[in-house]
Amino acid sequence: MALKYCPGARGLVEPQIIVTYCPVCGAEVEFFEYEVERKCPECGRVVKREATPSCVTWCKSARECIMNLQQLGKLSAERARELLEMLDKTKKSSTE
């Protein structure tokens, strides 16, 4: 079976949901595996978690892969923009 895109992109196309708890009010907070902070749905505080390793942060072809997934209709324009912003932040922080 031929792959339509890199197998490492699974997390970009079908991200898993990770549940953690707000340290302030104890409410459940759901993150997509690529997110590192979200507002608590109960108290509104920003809840952070450690980043899950993603190919966006280390793969030299990440930009081309994201654009390809968008062209294939596997990622929305908004999701592609979010990932490209994440990629740019990662590259910027690695050069500082």
Side-chain angles (χ1 to χ4, degrees):
M1 181 174 148
L3 296 173
K4 293 181 180 176
Y5 47 85
C6 173
R10 183 212 47 83
L12 305 178
V13 176
E14 300 168 0
Q16 294 182 4
I17 293 176
I18 297 170
V19 176
T20 190
Y21 297 93
C22 176
V24 177
C25 71
E28 282 189 0
V29 182
E30 294 182 348
F31 291 81
F32 284 116
E33 65 184 271
Y34 54 82
E35 296 176 316
V36 293
E37 65 179 43
R38 302 251 334 173
K39 279 190 176 179
C40 173
E42 294 297 322
C43 70
R45 297 287 179 112
V46 174
V47 179
K48 296 183 179 187
R49 69 172 198 87
E50 288 201 26
T52 304
S54 167
C55 57
V56 171
T57 60
W58 56 263
C59 182
K60 291 180 181 178
S61 300
R63 183 172 305 277
E64 293 79 17
C65 184
I66 292 166
M67 300 301 286
N68 185 43
L69 290 171
Q70 183 182 4
Q71 288 177 342
L72 291 172
K74 299 293 183 183
L75 293 177
S76 68
E78 180 180 346
R79 177 78 177 110
R81 182 185 48 77
E82 290 174 355
L83 291 170
L84 291 171
E85 287 176 3
M86 180 189 311
L87 174 64
D88 291 341
K89 281 183 186 176
T90 301
K91 287 190 176 189
K92 184 178 178 182
S93 67
S94 68
T95 59
E96 293 178 343

_Salt-bridge present (Lys89, Glu85; N to O < 4.0 Å)_ = no
*Shared hydrophobic cluster for Leu83 and Val36 (ILVMFWY, side-chain gaps under 4.5 Å)*: no
*Could you state the interatomic distance from CG (Leu84) to CZ (Arg79), rounded to the nearest 0.5 Å?*
10.0 Å
*Supply the atom-to-atom distance Glu28 CD to Thr20 OG1, rounded to the nearest 0.5 angstrom.*
9.5 Å
*Report yes or no: do Tyr21 and Val46 belong to one cluster of Ile/Leu/Val/Met/Phe/Trp/Tyr joined by side chain heavy-atom distances under 4.5 Å?*
no
*Between the side chain of Glu33 and the main-chain N/O of Gln16, is any donor-acceptor distance below 3.5 Å?*
yes
*Do Cys40 and Cys25 come within less than 4.5 Å of each other through their side chains, counting heavy atoms only?*
yes
*Distance-minimising heavy-atom pair for Pro41 and Val29*: CD-CG2, 4.0 Å
*How many angstroms lie between CD1 in Ile17 and CZ in Phe31, if you round to the nearest 0.5 Å?*
12.0 Å
_If you compare all heavy atoms of Gln70 against all heavy atoms of Ala80, which two are closest, and at what distance to 0.1 Å?_
OE1-CB, 3.5 Å
*Residue pairs fulfilling salt bridge (Lys or Arg N to Asp or Glu O under 4.0 Å) with at least one residue in residues 60-71, sequence neighbours excluded*: Arg63-Asp88
_Please say yes or no: joined through hydrophobic side-chain contacts below 4.5 Å, possibly via intermediate residues, are Leu87 and Trp58 part of one cluster?_
no
*Separation between CD1 of Ile66 and SG of Cys55, rounded to the nearest 0.5 Å*: 7.5 Å
*Smallest separation among heavy atoms of Leu12 and Leu75, with atom names*: O-CD2, 3.3 Å
*For the residue pair Pro15 and Phe32, what are the closest heavy atoms and their distance?*
CG-CD2, 3.8 Å
*According to the salt bridge (Lys or Arg N to Asp or Glu O under 4.0 Å) rule, which pairs have a member within residues 38-58, sequence neighbours left out?*
Glu35-Arg38, Glu37-Lys48
